[in-house]
Number of protein chains: 2
Amino acid sequence: MSDRTEQTDAIDKLEVWCAGEEWCPVTTTATLIGKKWHPVIVHRLLEHGPSGFNELKENVDGISSKVLSDSLDDLGEKQLVDREIISEKPVRVRYSLTDHGESLKPVIYAMRDWGLEHITESDDRNSSIV
Amino acid sequence: MSDRTEQTDAIDKLEVWCAGEEWCPVTTTATLIGKKWHPVIVHRLLEHGPSGFNELKENVDGISSKVLSDSLDDLGEKQLVDREIISEKPVRVRYSLTDHGESLKPVIYAMRDWGLEHITESDDRNSSIV
DNA sequence: CTGAATCCTAAAGGATACTG
DNA sequence: CAGTATCCTTTAGGATTCAG
């Protein structure tokens, strides 16, 4: 209902965070996804689409319930991820990216691409990425 | 001299970090620049080119000496930033991006672009990015 | 000017167990 | 299935001071 209000709050927080300088767009983004698991979670949601809790946990791999839960809360507050209850009994939930979250695609994919290139570099030492 | 060795070490660390899964390129990148100030530091070096310590500190703005120093050490270990002493007396140092660090440009710029778009949204509430 | 050394606090992350 | 609740450890970050 009052999702406009919540969003405004989130944006206010950002402005505070970026104060001290003629605010920095890089910092803005870093603040949102600069947690250990955030980029991976967003990536998995981009790749696999809307997912249940445990499904997501499997895909992320290595994350504990608590941390995943915390991370999803945080991503929710930041309007990047949406949580939808799709069944009461048994409880079934579906996490998906909001439009806002979806818009991070270029960032996440840039990260993915960089990772791809630079790990390859170690396997394939003679590749000349230069 | 043995910079090849150091680089191999850094990459080994990454591989360890990414173990537990058929390694994840997103995580790889997140591990490297997923610290509070790392993206900003790299960004400033991209924008302003090679910089002295205090110059960099000014450009980053809001960071303490200790944290900047720690961050630069870390970025150095990861072969993203190079440190060069250009004068002994008085001590003058120049930090610059390695090729490796320079290659992060698309990632950092993707972050910057996202930040630009999504803060504008708050100033200019009626803009329809949709 | 360029940091290193200390000390401290807050926050993030993780292990484990349990619940509706 | 989808979490919460605890508890604990680690680490990041920050303030301040000192030094080459």
Side-chain angles (χ1 to χ4, degrees), chain A residues 13 16-21 24 26-27 30-41 44-45 48 50-78 81-96, chain B residues 13 16-21 24 27 30-42 44-45 48 50-78 81-96:
Chain A
K13 274 184 208 161
V16 169
W17 213 101
C18 292
E21 134 136 355
C24 165
V26 176
T27 301
T31 306
L32 285 180
I33 57 169
K35 302 288 166 185
K36 181 165 179 181
W37 298 99
H38 285 199
V40 199
I41 292 170
R44 297 307 190 269
L45 288 173
H48 303 275
S51 315
F53 187 86
N54 285 327
E55 185 188 355
L56 194 50
K57 193 178 168 200
E58 297 260 305
N59 289 333
V60 169
D61 191 34
I63 196 172
S64 74
S65 297
K66 188 238 185 191
V67 175
L68 178 55
S69 183
D70 288 354
S71 301
L72 286 169
D73 279 356
D74 191 47
L75 289 168
E77 279 174 29
K78 285 163 175 162
V81 165
D82 195 33
R83 180 176 182 272
E84 190 183 355
I85 300 172
I86 58 178
S87 153
E88 284 290 359
K89 217 175 187 326
V91 186
R92 274 202 147 276
V93 168
R94 197 177 56 168
Y95 290 96
S96 57
Chain B
K13 275 185 207 162
V16 169
W17 212 100
C18 293
E21 134 134 353
C24 164
T27 301
T31 306
L32 286 180
I33 57 169
K35 303 288 168 185
K36 181 165 179 182
W37 299 100
H38 286 201
V40 199
I41 292 170
V42 173
R44 297 305 190 269
L45 288 173
H48 303 273
S51 316
F53 187 85
N54 285 328
E55 184 187 355
L56 193 51
K57 194 179 168 201
E58 297 261 307
N59 289 332
V60 169
D61 189 35
I63 195 170
S64 73
S65 295
K66 188 240 184 190
V67 174
L68 178 56
S69 182
D70 287 355
S71 301
L72 285 169
D73 279 356
D74 190 47
L75 289 168
E77 280 176 28
K78 286 163 177 163
V81 166
D82 196 33
R83 179 177 184 273
E84 191 184 354
I85 299 171
I86 58 176
S87 155
E88 285 290 0
K89 216 176 189 324
V91 186
R92 276 206 146 272
V93 169
R94 197 177 55 168
Y95 291 96
S96 57

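Below, all heavy atoms of this structure are taken into account, side chains as well, without hydrogens, waters or symmetry copies. Reminder, nothing fancy here: chain letters follow the sequence lines and each chain counts from 1.
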Participant: Can you tell me how far C1' of D:dC1 sits from CD of A:E84, to the nearest Å?
Facilitator: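 In whole Å, D:dC1 C1' and A:E84 CD are 16 Å from each other.
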Participant: Would you indicate which nucleotide in C:dG13, C:dG20, D:dG14 comes nearest to any side-chain atom of A:V91?
Facilitator: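 Output: C:dG20.
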Participant: Just checking B:V93: base, sugar-phosphate only, or nothing, at a heavy-atom cut-off of under 4.0 Å?
Facilitator: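 Sugar-phosphate only.
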Participant: Over how many whole Å does the gap from A:D74 atom CG to C:dA12 atom P extend?
Facilitator: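 Computing the A:D74:CG to C:dA12:P distance gives 8 Å.
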Participant: Can you tell me which nucleotide in D:dA2, C:dC7, C:dG13 comes closest to the side chain of A:K66?
Facilitator: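 Looking only at heavy atoms from C-beta outward on A:K66, the closest nucleotide is C:dG13.
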Participant: Specify the separation, in whole Å, of atom NE2 of A:H38 and atom P of C:dA11.
Facilitator: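 Going from A:H38 (NE2) to C:dA11 (P), I get 15 Å.
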Participant: Rounding to a whole Å, what distance do you find between B:L75:CG and D:dA12:P?
Facilitator: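 It works out to 12 Å between those atoms.
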Participant: Whole angstroms only, please: what is the CZ-C1' distance between B:R92 and D:dG20?
Facilitator: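 Answer to the nearest Å: 16 Å.
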Participant: Distance check: side-chain N/O of A:S64 vs OP1/OP2 of C:dG13, anything under 4.0 Å?
Facilitator: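 Checking A:S64 against C:dG13: no side-chain N or O falls below 4.0 Å of OP1 or OP2.
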Participant: With respect to the side chain of B:K35, which nucleotide from C:dC1, D:dA2, D:dA12 is positioned closest?
Facilitator: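 That would be D:dA12.
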Participant: Taking the side chain as C-beta and beyond, is there a heavy-atom pair between B:I63 and B:L56 under 4.5 Å?
Facilitator: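 With C-beta onward as the side chain, the pair stays apart.
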Participant: Starting at CD of B:E58 and ending at C1' of C:dC1, how long is that distance when rounded to a whole Å?
Facilitator: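 Those two atoms, CD and C1', are 12 Å apart.
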Participant: Given atom NZ of B:K57 and atom P of C:dG3, what is their separation to the nearest angstrom?
Facilitator: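 In whole Å, C:dG3 P lies 12 Å from B:K57 NZ.
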Participant: Pick out which of A:L32, A:V81, A:D74 makes a side chain to side chain contact (heavy atoms under 4.5 Å, CB included) with A:H38.
Facilitator: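 One option only clears the test, and that one is A:D74.
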Participant: Side chain of A:V67, heavy atoms from C-beta onward: which of D:dG3, D:dA2, C:dG14 has the nearest atom to it?
Facilitator: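 For A:V67, the side-chain atoms sit closest to C:dG14.
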Participant: For B:R83, answer base if it contacts any base atom (sugar-phosphate contacts may also be present), sugar-phosphate if it contacts only those atoms, and nothing otherwise; contact means non-hydrogen atoms under 4.0 Å.
Facilitator: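 Contact class for B:R83: sugar-phosphate only.
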Participant: For D:dG13, does the base pair up with any side-chain atom of B:K36 as donor and acceptor (N or O, under 3.5 Å, distance only)?
Facilitator: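 Looking at the base of D:dG13, it does not pair with any donor or acceptor on the side chain of B:K36 (distance under 3.5 Å).
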Participant: Is it true that the side chains of A:S71 and A:K35 contain a donor and an acceptor less than 3.5 Å apart?
Facilitator: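 Absent: no donor and acceptor within the cut-off.
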Participant: Which pair of non-hydrogen atoms, one from B:W37 and one from B:V67, has the smallest distance, and what is that distance?
Facilitator: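 So the two residues come closest at CD1-CG1, 3.5 Å.
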Participant: When you measure from the side-chain N and O atoms of A:S69 to the phosphate of D:dG3, is any distance below 4.0 Å, counting only OP1 and OP2?
Facilitator: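 So the side chain of A:S69 is outside the cut-off, no N or O lying under 4.0 Å from OP1 or OP2 of D:dG3.
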Participant: Taking side chain as C-beta onward, heavy atoms only, is A:R44 less than 4.5 Å from A:I41?
Facilitator: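 SC-SC contact between A:R44 and A:I41 ruled out.
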Participant: Would you mind reading off the distance between B:I85 atom CD1 and D:dG20 atom P, rounded to a whole angstrom?
Facilitator: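 Spelled out: CD1 on B:I85 to P on D:dG20 is 16 Å.
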Participant: Would you please confirm or rule out a distance under 4.0 Å between OP1 or OP2 of D:dG14 and any side-chain N or O of B:W37?
Facilitator: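 Indeed, a polar side-chain atom of B:W37 lies that close.
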Participant: Would you indicate which nucleotide in C:dG3, D:dC1, D:dG13 comes nearest to any side-chain atom of B:F53?
Facilitator: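 Nearest listed nucleotide: C:dG3.
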Participant: Taking only N and O in the side chain of B:Y95, is any of them less than 4.0 Å away from OP1 or OP2 of C:dG3?
Facilitator: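 Checking C:dG3 against B:Y95, a side-chain N or O does come within under 4.0 Å of OP1 or OP2.
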